[in-house]
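Down below is the structure, laid out as structure tokens.
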Amino acid sequence: MVGSLRKGNKGEEVMLSGWVHRRRDLGGLVFVDLRDRTGLLQLSFGPEDTDEQSLAAAHRLGSEDVIQVEGEVVLRPPEARNSELATGDVEVRVRRLTVLNGARTPAIPVHLGQGEELPSEELRLRNRHLDLRRTKLRDNLELRHRLVLAVRNYLDREGFLEIETPILTRPTPEGARDYIVPSRVHPGEFYALPQSPQIYKQILMAAGYDRYFQIARCFRDEDLRADRQPEFTQIDVEASFVEPDDIFAWIEGLVEVLCEAGGLEGPDSFSRVTYAEALERFGTDRPDLRFDLTIEDWTSALGDSESRILRGAVEGGGRIRGVRVPAGAELSRRQIEELEGLAKAEGAPGLLWLKRSSGEATGPLARFLPESGLGRIGVEDGDLALVAAGEDRVTGPALGAVLAPAGRLTRRPQVRQHAWLWVTDFPLFHEDEGTGALVPGHHPFVLPHPEDLDRLEEDPLAVRSLAYDLVYNGAELGSGSIRIHDPELQRTILNALGLQGEEIDRKFGFLLEALGSGAPPHGGIALGVDRIAKDFVGASSLRDVIAFPKTTAARALFEGAPAPVTSGELEALQLESRGHRAAGGDDPASAGSA
RNA sequence: GGGGCUGUAGCUCAGUUGGUUAGAGUGCCGGUCUGUCACACCGGAGGCCGCGGGUUCGAGUCCCGUCAGCCCCGCCA
């Protein structure tokens, strides 16, 4: 293939096909960089080698024309080798050129010159067939392929069976908004696209398929972000007769395999913290452990200081918490204000701080802190202390937001490049801030922590669960739990979530039926393939690891989805549209641009 | 649903205090060129300044609305 020719292929007669990446026409000689999926190769055309017709055609070649050439692999003259090209020592002297298909001038460039900017994302998405020709995207998709292949092989070796579950499913009452699909056969009834295969995989467990996985497409009709697409792919895993440790062991092995496939240094360790610990020490349930900065409780050390802010916070029932940033004294005032801005964005009124350098303390906090106080919070010469006071729900996120950025700003080496960890014991329920109702922390099928079962009634918000997250460098890459296998307990939880008997049977009867028919204890996890691929290739958006992604408005710009349907189609479904674009033609392009 | 940024040639961008003929690089078209590789050189074409309205003697520039893309909040069991 094009990208694989080397010195050793010298003298070989080859026939190659590909795209004209670039043409350099010297008049007598023509050079063309031929491109295919495997790389670039220089072709040369000249009167000594190339037949007359082909030479004439070579002069007329344009970018992205599809051609086929026959010729001989030769070594380039020594002074004309290109060390930046894998194939740069050789070229193919073309005898015969066939233009398989001409290309109009590309709407966006496939080849970018040095320092040339990418076209706008909108044009890249509108011309996805061209954008996907770029090496970067091709490499991204290839890596993604290798990751998924490694996952399949690994889970197969571990005895897991890949089983497909339906895309047309039952609408679910809770969770994200469903994508809805009308049924023609049953007017007025609807399928939903799965938000995840959660219930199906539990039923598979009940059916005795004790190790299941699926590279599963999931759909959620919610607003998008850089790390959120309306359809996304999960490595969905479930196993019977397991405890969290079994899942952790499998997934840790999986992560190693992924790192190997992705050319990433494998994890040297997997940390574990409970949810409560994570909030206390890192102010978030997905800590970034690349810097070993933590939040400390300085209430007793600083609570008796003269500072009105600090004392007021403590008297109001809050705590004083802070972060010691080793070598942080080198930060400029401006950098510290930057950090304070991050804390404010999380709702804190501000940060108090002090620097200690050359034996002297400076900063707003300095005048409230005698030397002894510095010792009490462990601030050494060269350090910076950042302090927030008040309620935990404010100070936690505020200080948490500052941890990694502070570490980055000091430019001390990261403690580790790849920080993998498990966050465990998530709360079973949250409180809906609007209504005060209980909502599931993860989903309604999570097993309560056995030690907390007796608090289910009197203090449900304090009940922990056997739910866990896989976190990598501060990003949640996976989430799972041990599930409830006892139908009575499941009913109790659904009750607590505000569902009544008849409603439970209607919506979850099939699950309860399966649980009551001899379902084994089981649990699992789902990992986000798109996010993993994004992190592994260092992309800033999921769109760079998805061949045909949606925009932030959930549109597909290339093919123009969603699109209006004809009134006939609506009629067949016995639907009426109140949208102002209803019942248009069936031309998909008409929907894309307004 | 809310906030922010962006929208000028095929592409990437500049465009002064609101001023008369809207520029650059690249791509494209034509020409010269036998060792280029961001080929070089000469010449040329190419504009609904996103769209609609307003202010003004005059709008790419100011105001309002709208559409699209991106980022964030809400939302994402």
Between the base of rG50(B) and the side chain of Glu122(A), is there any donor-acceptor pair under 3.5 Å? no
For rG10(B), does the base pair up with any side-chain atom of Arg126(A) as donor and acceptor (N or O, under 3.5 Å, distance only)? no
Evaluate Tyr200(A) against Tyr212(A) for ring pair (Phe, Tyr, Trp, His ring centres under 6.0 Å), listing each step before the verdict. CA-CA 11 Å; Tyr200(A) 290 111; Tyr212(A) 144 95; 10.0 Å; no
Under-3.5 Å N/O pairs linking protein and nucleotides 12-15 of chain B:
| unit_1 | atom_1 | unit_2 | atom_2 | d |
| --- | --- | --- | --- | --- |
| rU12(B) | OP1 | Ser120(A) | N | 2.5 |

salt_bridge(Glu70(A), Arg96(A)) N-O dist < 4.0 Å: yes
Flag the pair Arg35(A) and Glu64(A) as a salt bridge only when some basic side-chain nitrogen lies within less than 4.0 angstrom of an acidic carboxylate oxygen. yes
Could you point out which residue of Ser481(A), Ser465(A), Pro460(A) forms a side chain to side chain contact (heavy atoms under 4.5 Å, CB included) with Leu428(A)? Ser465(A)
Phosphate contact (rC70(B) OP1 or OP2) by Thr552(A) side-chain N/O below 4.0 Å: yes
Using only side-chain N and O atoms of Arg22(A), determine if any of them is under 4.0 Å from OP1 or OP2 of rC39(B). yes
Which ones in residues 28-37 of chain A lie close to RNA chain B, meaning a heavy atom under 4.0 Å from one of its atoms? Gly28(A), Leu29(A), Phe31(A)
Mutual orientation of the aromatic rings belonging to Phe426(A) and Tyr275(A) [parallel < 30°, tilted 30-60°, perpendicular > 60°]: tilted
Checking base pairs now: Watson-Crick or wobble, both atom distances under 3.5 Å. What partners [N]?
N	value
rU32(B)	rA40(B)
rG74(B)	none
rC5(B)	rG69(B)

Sort me out a list of protein N/O and nucleotides 73-75 of chain B N/O pairs below 3.5 Å, or just none if empty.
| unit_1 | atom_1 | unit_2 | atom_2 | d |
| --- | --- | --- | --- | --- |
| rC73(B) | OP2 | Arg225(A) | NE | 2.9 |
| rG74(B) | N7 | Arg225(A) | NH2 | 2.8 |
| rG74(B) | O6 | Arg225(A) | NH1 | 3.1 |
| rG74(B) | O6 | Arg225(A) | NH2 | 3.4 |
| rG74(B) | N1 | Asp223(A) | OD2 | 2.6 |
| rG74(B) | N2 | Asp223(A) | OD2 | 3.2 |
| rC75(B) | O2' | Glu222(A) | OE1 | 2.5 |
| rC75(B) | O2 | Arg228(A) | NH2 | 3.1 |
| rC75(B) | N3 | Arg228(A) | NH1 | 3.3 |
| rC75(B) | N3 | Arg228(A) | NH2 | 2.7 |
| rC75(B) | N4 | Arg225(A) | NH2 | 3.3 |
| rC75(B) | N4 | Arg228(A) | NH1 | 3.3 |

